[in-house]
Number of protein chains: 2
Amino acid sequence: MDNVNIKKLAEALRLSTSTVSRAFRDNSDISKDTKERILAMAKQLNYQPNHYASNLREQKSKTIAVIVPELANNYFSLAIQGIERVASAKGYHILVYATNDQFEKEVSFIKHLHNGRADGIIMSVSGEANDHNYLNQLSKKRLPLVFFDRVYEDIVTPRVITNDYDSSFSATKHLIQQGCERIAYLAVNKTLSIGKTRMQGYIDALKKYKIPFKEELIIDCTNNYKENIDLLKQAFIDLKPDGVFTSVERLAFATYYACYDINLSIPKDIKVIGFSSLEIAPLLNPALSTITQPASDLGKTAAEMLFKMLENPNEVNPDSEVILKSKLMQRESTSNA
Amino acid sequence: MDNVNIKKLAEALRLSTSTVSRAFRDNSDISKDTKERILAMAKQLNYQPNHYASNLREQKSKTIAVIVPELANNYFSLAIQGIERVASAKGYHILVYATNDQFEKEVSFIKHLHNGRADGIIMSVSGEANDHNYLNQLSKKRLPLVFFDRVYEDIVTPRVITNDYDSSFSATKHLIQQGCERIAYLAVNKTLSIGKTRMQGYIDALKKYKIPFKEELIIDCTNNYKENIDLLKQAFIDLKPDGVFTSVERLAFATYYACYDINLSIPKDIKVIGFSSLEIAPLLNPALSTITQPASDLGKTAAEMLFKMLENPNEVNPDSEVILKSKLMQRESTSNA
DNA sequence: TTGTACGCGTTATCAT
DNA sequence: ATGATAACGCGTACAA
């Protein structure tokens, strides 16, 4: 059977298309009787209003786009889950895009989205090192945009982040209190604002507790798992750190693998803590101490903020920043037993 | 600045809208010269063709929908990643929906998608226990649909699955060879086809190796983490299994927690193996033996199949079934050391 | 090669 | 309360 549209419905009921259309909106004048007839017939024929036609007509899509650096990532999956819940409850659909950390992809996604396909965008950015001004140079008014987790500091738009500086400070302090004196900081991209903030917390904690900061203990890692493990093994052998603070989850995993390989015992020889929202951190060998970010909440909050912008554009301050708190979870990997 | 559309471009260039439109398609007759002028101006004004208008006109959306039971799940995230890659390469966008295992949501998503919003659907199903015939009763022709992982056996449409029966058989056999005689099977939903297949592999392996099958050792779990842990603790105490085979990843985690709580040592007191595509299974305490499913490949293959259907509807047999192989990874949780 | 005119399905405005 | 009509932006058949 072919598509049922308003026209077919109208024919079937010997009404005009406008009357039929009215049956689906709330305000319009239409007799209760005909409305019921129409809805009944619509149900019977399984009528689905064509979204594209509505969108074209109404200039809105009831769709939001989510752009993240990667999909196969526990953290972003949780965030997307949070977003999906809110969107779904509002009757919105979500388009998902992964940049795989390629800035050009991000630019391309964003540009293309400015064609009416989405009403708003929630993004965790990929290209700190690049020129973000493309966001201000879109030919038409920029779509409502909310950053979460990874943000551009020079772009004015609402954002939802976590208290990274404090968390880093606490994590570093925790390592120090557990007796560490040579604490390696594993960075993935020093130039990212998130990288900078987290590193600053580390640096300031060292200073506060009078541990000399050593540039060499900042280890810049890559996006490649194997490479990182090799690199870390070498670094651990050369630098002999007694503590490791990883700025992202997967570097904690790489640290574990590296330590296994070169027979360093966690936590005896080296203590490890890292940013991570992995639920099964307690199941690792040894249980991993983490700074656990409220990933799902981050997504939820970002989505709620975006909807606020869509509903009351003027009531949302473009400067607004929501900071959610991460939790320091001490586990065996930093214990002194 | 307001939206740039074909009309504005045409005005700016003193051409007709049709000429401008032609510049963006390949076949049409248009002088190389004007085409270049148009494209240049389009770039300058940052023109983005309105997707909804094109879709309405062309009756296709260059969008595929992905429906999964849950998003915050390592396995489905990987699958979505695989799908996203393929789609992105083809210039397609993906809409993502999570049913949270509610069948009504699945039905609702599917029905609504039949309004032109998506050209095809990739789904891992949620409602084995229900009546799937809604898929055949859509008023218009059903959208191209590919199942992956969790499928409805009574619906005729292409599918991509893994060799679950063989894997289950092998895993059970492995436990037996490691000396287990009371092997518990942790099911999450016995009625799901995937549950049935996996359970059958377990049952047949027992039979083959002359281990008596005991109904009581089939433990039906819920979707609630805490509940499962409690339930498992009790079951382990009551039934004293010496091996556990979990049909889904999270039940392996629950098993670990349960064993920790009641001081059962894995693998000494009880050996554990489970379906899982967790990359860090080797980092668990103890390293978890797994049946590792090629999750990302599953998504990739499903997407490729869907695109084949979109491009050459007649060349794809609706009965086609692709079976990808999982890998048995023996690790410490089933060792005899 | 370029322009004119129409229709995709919907909704809002205006008329009845 | 209902119907006729125009418009959203684009793409194509047809005319020039």
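Numbered from 1 within each chain, the chains take letters A, B, ... in sequence-line order. Given the structure is predicted, the values throughout are model-derived calculations rather than measurements.
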Novice: Within a reach of under 6.0 Å around NZ of A:Lys35, are more than 12 heavy atoms found that belong to other residues, nucleotides or ligands?
Specialist: yes
Novice: For every nucleotide of nucleotides 3-11 of chain D, 5' to 3': is a protein heavy atom under 4.0 Å from its base (B), only from its sugar-phosphate (S), or from neither (-)?
Specialist: BB-BBBBBB
Novice: Salt-bridge test for B:Lys308 and B:Glu304: reply yes if a basic N is under 4.0 Å from a carboxylate O, no otherwise.
Specialist: no
Novice: May I have the distance from A:Leu13 (atom CG) to D:dT2 (atom P), rounded to whole angstrom?
Specialist: 12 Å
Novice: Does NZ or CZ of B:Lys90 fall inside the cone over B:Phe307's six-membered ring, less than 6.0 Å from its centre and within 45° of the axis?
Specialist: yes
Novice: Specify the separation, in whole Å, of atom NZ of A:Lys60 and atom C1' of C:dT10.
Specialist: 15 Å
Novice: Find the distance A:Ile30:CD1 to C:dA12:P and express it as a whole number of Å.
Specialist: 13 Å
Novice: Using modelled atom types and a 3.5 Å cut-off, is there a donor and acceptor pairing between side-chain atoms of A:Ser77 and backbone atoms of A:Asn73?
Specialist: yes
Novice: For A:His112, I'd like to know if atom NE2 has over 12 heavy atoms of other residues, nucleotides or ligands within 6.0 Å.
Specialist: no
Novice: Is the shortest side-chain N to carboxylate O distance from B:Lys7 to B:Glu11 below 4.0 Å?
Specialist: no
Novice: Counting just side-chain N and O atoms, does B:Thr34 come under 4.0 Å of either OP1 or OP2 of C:dT2?
Specialist: yes
